[in-house]
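Notes follow the structure.
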Amino acid sequence: MTPFVPQDLDRKWQQRWTDDRAFEAAVDPARPKFYCLEMFAYPSGHAHMGHVRNYSIGDVLARMKRMQGFNVLHPFGWDAFGLPAENAAIKHGIHPEASTRGNIAHMKGQLQRLGISYDWDRELATCDPEYYRWNQWLFIRMFEKGLAYRKRSTVNWCPGCHTVLANEQVVDGGCWRCGSPVELREREQWCLRITAYADELLGAIDTLAEWPEKVLMMQRNWIGRSEGARVRFALASDPGTTIEVFTTRIDTIFGSTFVLLAPEHPLVTSFAALAPDPDAFRARVHAFRTQDRAARLSGEVEKDGFDTGQRAVNPFTGASVPVWVANFVLGEYGTGAVMAVPAHDQRDFEFARRFGLPIAAVVTADGARVDPDGLSEAMDAYGTLVDSGPFSGLPSAEAQQRMVAHAGANGFGEGTVQFRLKDWGISRQRYWGTPIPVLFCDTDGIVPVPDADLPVVLPPVAEFTGRGDSPLAQVPAFVNATCPACGGPARRETDTMDTFVDSSWYFYRFADARNNAQAFDPAAVKYWLPVDFYVGGVEHAILHLIYSRFFARVFRDLGMVDHDEPFTHLLTQGMVLKDGAVMSKSKGNVVDPDAMMQKHGADALRLYVVFVAPPEKEIEWTDEGLEGSWRFLARVWRLVDHWSAALVRAGNGPAWETLSLSPDERAVRRKTHGTIHRVTADVGERQQLNTAVSAIMELVNTLYSFSDATMTGPPGAARDADRGGRAERAETVAVMGEAVRALVRLLAPFAPHVCEELWERLGQEGGLRVARWPEYDAAAARVEAIVVPVQVNGKVRSRLTVAANASEADLERLALADAAVMSHVGTKRVRKVVVARGRLVNVVVA
RNA sequence: GCCGAAGUGGCGGAACUGGCAGACGCGACAGACUCAAAAUCUGUUGCCGGUCACCCGGCGUGGGGGUUCGAGUCCCCCCUUCGGCACCA
């Protein structure tokens, strides 16, 4: 008996794979490709169990597809720019470059010890100038097409990180990274026009058939398309000035009894000047703008507002209505102004009641008048219009069409589509990111850096203080430049890009990672992309995954890629918990992957994280579970060890026709092929890795029982010695040989180190890399006899053992002849017999 | 508030289009081996009950109703948990 020491196997086979450059991929049009990708990692310094699970799932797919003959691209890289490295620099004085490189080296070692089959030749880090150079290149292309532009706007400012955040990066009013409450600031920044693709990004969600419904829903929600109309209300005092409102309910416009402006609305400033007490007016506006966001965090915010003293004319009714400022109207959405219809909108209703503003009901269920004084809440349902001039009596839907047409014909409105999605602000006032490649020249304005001068390389910065503006602004040699247009002095942009820019296209770069002439060769991308299988956490459902879909379309419109969607199949894996909580240093519940690998080997760890639950569910870490996986591998080891001498002696097996198998032996073949079928489907089609593993475990259990029944005894049994040495039937050895060789290959994607070793010990040449995935033989898997349960009134009372192809008539006859069945039927009349062929018989009695 | 997902043994989880609920693993219990223990091998393990010896009966997939010969699975109502969005006009 050879002892099972998985740690030795890990070392041996990892070395072999490295020496053989086993997982490097090259374009090969003759073979079908499979691009398997796990979300690349931020090099925090240490891989955690979440990483282990993520990469283990991907590696099972990659290794299986490779054995199935696919040309597999399975790369890895580093999302290496970002704030933590810079914050560490401020705190400890280590340059981000140094700490990042050190972290990468350490984490790469950890992944290699896990035995993930990456093509390390394509490794990249986004902080490589040869990578971020193409961020800059793409930014300039986007600038040329008007997709990158500069805008002064209210931005989310994180006081903890000293930088601006995109809307997607604000979670519950706080910074997604450090949690500090976000402040609003006015700032000029670079934006990417993702809204130009809003409609397409939304519509194409329906084509993402292999994405989790949850993610699609989140994206739909995030884009937030609503159809409606813009309508302009002229000021009563100045008909040349209009207030434009956005509404999805133009059918209620005859009930609009006042107009509300967001505190941020541009007209508010001019109204203040006209007010009897401008200072008091401005003070109230200011109160709204500052109090607003903080108050919203605490939940209930009371609707508040005040009269501007101005009046606007409802273009449909000609009525002059008051204009108020309201704290609940959002400056960033729509036009920043709404027509209030208190009878049909709950918010307006509350506002009107509070301030005694008039209410008019104009859409009711049956088209009859309703007394607004009797309302206790707004009627927001569609219905039939009433008191709406020429539109009275129309149903809401038809009225909306006619009213939009009416507004258009008279020039005071039109139908529009409004999105919740906003353009992506990418300027960050930090050092450790991609420099935005533009120059500011007094004569030529904004001038992009010429392609020939790329990359704009980050200057070495000696000191990180964390104070002041962007660190780059404090480096004169960086800031002071020459205008490429006029040759005069120019000032360089000192903001860097949001790191989500880096991660929005790295999967293209992997297709051609060493290209120094372009971001990637379109031909390589045409071969490898789209990504066939993408695994990562749900936390990227709207950030990374929506940005990447946007960038795919930008590259498409640049003629560099020919698809719309970059990821065909998406799997969002669940988190790894300990004691019901996410592992974290502060909670002290971190389980260190390295320690686990030292204890039980890489394979046991890999197997555990995929076996314990379906990939998309969260899992609870238990040491016992890991030990169970180790035990299973040891069990497989003993089984193969027990039989290997006989199997090697017998070679790869005679033709089945020359053998005459016993029923037990046929049953083993049936189990073997049934398992091949199940594992292939569970991994390849359903990604139910946990049930694939349990199928393999069942096979192993069957082989132990079968060993027990043969003269060899079960592997490792105390009575092993009693039976050892007896001659085995050629048939037994053939059946075992087939089963064991299938077992080792089926298990190989999950536990590659152990399986490589076992494969070698079985006398197989060339390693698992050249081994083919076992082939399913339907004939061998076919069952001869089946057990059919017989129910009486839906309760199982007996079982029949019959030929698999027994007819319905036979089943009915046998069921009614069965003693146990008849004793339950007794003297009752048999009303009918339901036969589900091959499945069940149900005898229904009165 | 709106949208979505999920509730199955002591635990993690199985169950393809309605057809033997609880595969597989963890834990627990027993036997074999051992001076003994560990490891290993072999069993048992949903709950309740009955002259529980390996036999029999009843109940059982969050709760209540329904469709069906038959429901974890389909329909209606309710409860709970988790996730997303949240004054979006």
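Lettering of chains follows the sequences in order, A, B, ..., and the numbering in each one begins at 1. Keep in mind that what you see is a predicted model, and the values were worked out from it rather than measured.
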Residue pairs fulfilling salt bridge (Lys or Arg N to Asp or Glu O under 4.0 Å) with at least one residue in residues 609-619 of chain A, sequence neighbours excluded
none
Would you indicate what A:Arg230 reaches in the nucleic acid, counting non-hydrogen atoms under 4.0 angstrom: base, sugar-phosphate, or nothing?
nothing
If the condition is salt bridge (Lys or Arg N to Asp or Glu O under 4.0 Å), which residues does A:Arg813 pass it with, not counting sequence neighbours?
A:Asp810
Among residues at least two apart in sequence or on other chains, which ones pass salt bridge (Lys or Arg N to Asp or Glu O under 4.0 Å) with A:Arg549?
A:Glu565
Partners meeting side chain to side chain donor-acceptor pair (under 3.5 Å) with A:Glu539 (sequence neighbours left out)
none
From B:rC41, B:rG27, B:rA23, nucleotide with atom closest to A:Glu698 side chain:
B:rA23
Under 4.0 Å between a side-chain N/O of A:Arg631 and OP1 or OP2 of B:rA39, yes or no?
no
Pairs flagged by ring pair (Phe, Tyr, Trp, His ring centres under 6.0 Å) wherever residues 670-702 of chain A is involved - sequence neighbours left out:
A:His677-A:Tyr776
Please confirm whether any donor atom in the side chain of A:Arg839 sits under 3.5 Å from an acceptor in the base of B:rU17, or the reverse.
yes
Report the distance from atom CG of A:Asn221 to atom P of B:rC85, rounded to the nearest whole Å.
7 Å
With the 90 degree cut-off around zero defining syn, does B:rC16 come out syn or anti?
anti
Candidates B:rU40, B:rC24, B:rA89 - which lies nearest the side chain of A:Arg638:
B:rU40
How many whole angstroms separate atom CD1 of A:Ile205 from atom C1' of B:rG4?
14 Å
For a quick check, with a 4.0 angstrom heavy-atom cut-off, what is the B/S/- contact string for nucleotides 5-15 of chain B, read 5' to 3'?
-------SSSS
So, using side chain to side chain donor-acceptor pair (under 3.5 Å) as the criterion, who are the partners of A:Thr416 when residues are at least two apart?
none
Filtered N/O pairs between nucleotides 66-70 of chain B and protein, under 3.5 Å:
from	atom 1	to	atom 2	distance (Å)
B:rC69	O2'	A:Asn842	ND2	3.3
B:rC69	O2	A:Asn842	ND2	2.7

Base-pair map of RNA chain B as dot-bracket, where | denotes pairing with a different strand and pairs are Watson-Crick or G-U under 3.5 Å:
(((((((..(((......[....)))((((((.......))))))(((((....)))))..(((((..]....))))))))))))....
Going by salt bridge (Lys or Arg N to Asp or Glu O under 4.0 Å), name the residues that satisfy it together with A:Arg670, two or more places apart in sequence or in a different chain.
A:Glu784
B:rC56 OP1/OP2 closer than 4.0 Å to side-chain N/O of A:Lys795:
no
Hey, is NZ on A:Lys599 packed in by over 12 heavy atoms from elsewhere, all under 6.0 Å?
no
Please determine, for the side chain of A:Ser226, which listed nucleotide (B:rA89, B:rG58, B:rC26) has the closest atom?
B:rA89
By nearest-heavy-atom nucleotide on RNA chain B, the more 5' of A:Val796 and A:Lys214 is A:Val796
Checking all strands, does A:Thr622 fall into the base, sugar-phosphate, or nothing category for heavy-atom contacts under 4.0 angstrom?
nothing
Consider the side chain of A:Arg420, meaning its heavy atoms from C-beta on, and name the nucleotide among B:rG83, B:rA89, B:rC85 that approaches it most closely.
B:rC85
Side chain to side chain donor-acceptor pair (under 3.5 Å) filter on A:Arg686, not counting sequence neighbours, yields A:Asp682
Does a donor on one side chain sit under 3.5 Å from an acceptor on the other, for A:Asn314 and A:Ser256?
no
Applying a 4.0 Å non-hydrogen cut-off, can you work out what A:Gly628 is touching in the nucleic acid: base, sugar-phosphate, or nothing?
sugar-phosphate
Whole angstrom value for the distance that separates P of B:rA89 from CD of A:Glu332
14 Å
What is the separation between atom CD on A:Glu627 and atom P on B:rG27, rounded to the nearest whole Å?
7 Å
Would you please name every residue forming a salt bridge (Lys or Arg N to Asp or Glu O under 4.0 Å) with A:Glu213, sequence neighbours left out?
A:Arg220
When all nucleic acid strands are considered with a 4.0 Å heavy-atom cut-off, which category describes A:Met697: base, sugar-phosphate, or nothing?
sugar-phosphate
Quick one: do the A:Asn327 and A:Arg284 side chains pair a donor with an acceptor below 3.5 Å?
no
The answer to which of A:Gly625 and A:Ala836 contacts RNA chain B further toward the 5' end, by nearest nucleotide, is A:Ala836
Syn-anti status, with the boundary at 90° from 0, for the nucleotide B:rG9:
syn
For the pair made of CD in A:Glu264 and P in B:rC87, what is the distance, rounded to whole Å?
13 Å
Under 3.5 Å, is there a donor-acceptor pair linking the side chains of A:Ser707 and A:Trp643?
yes
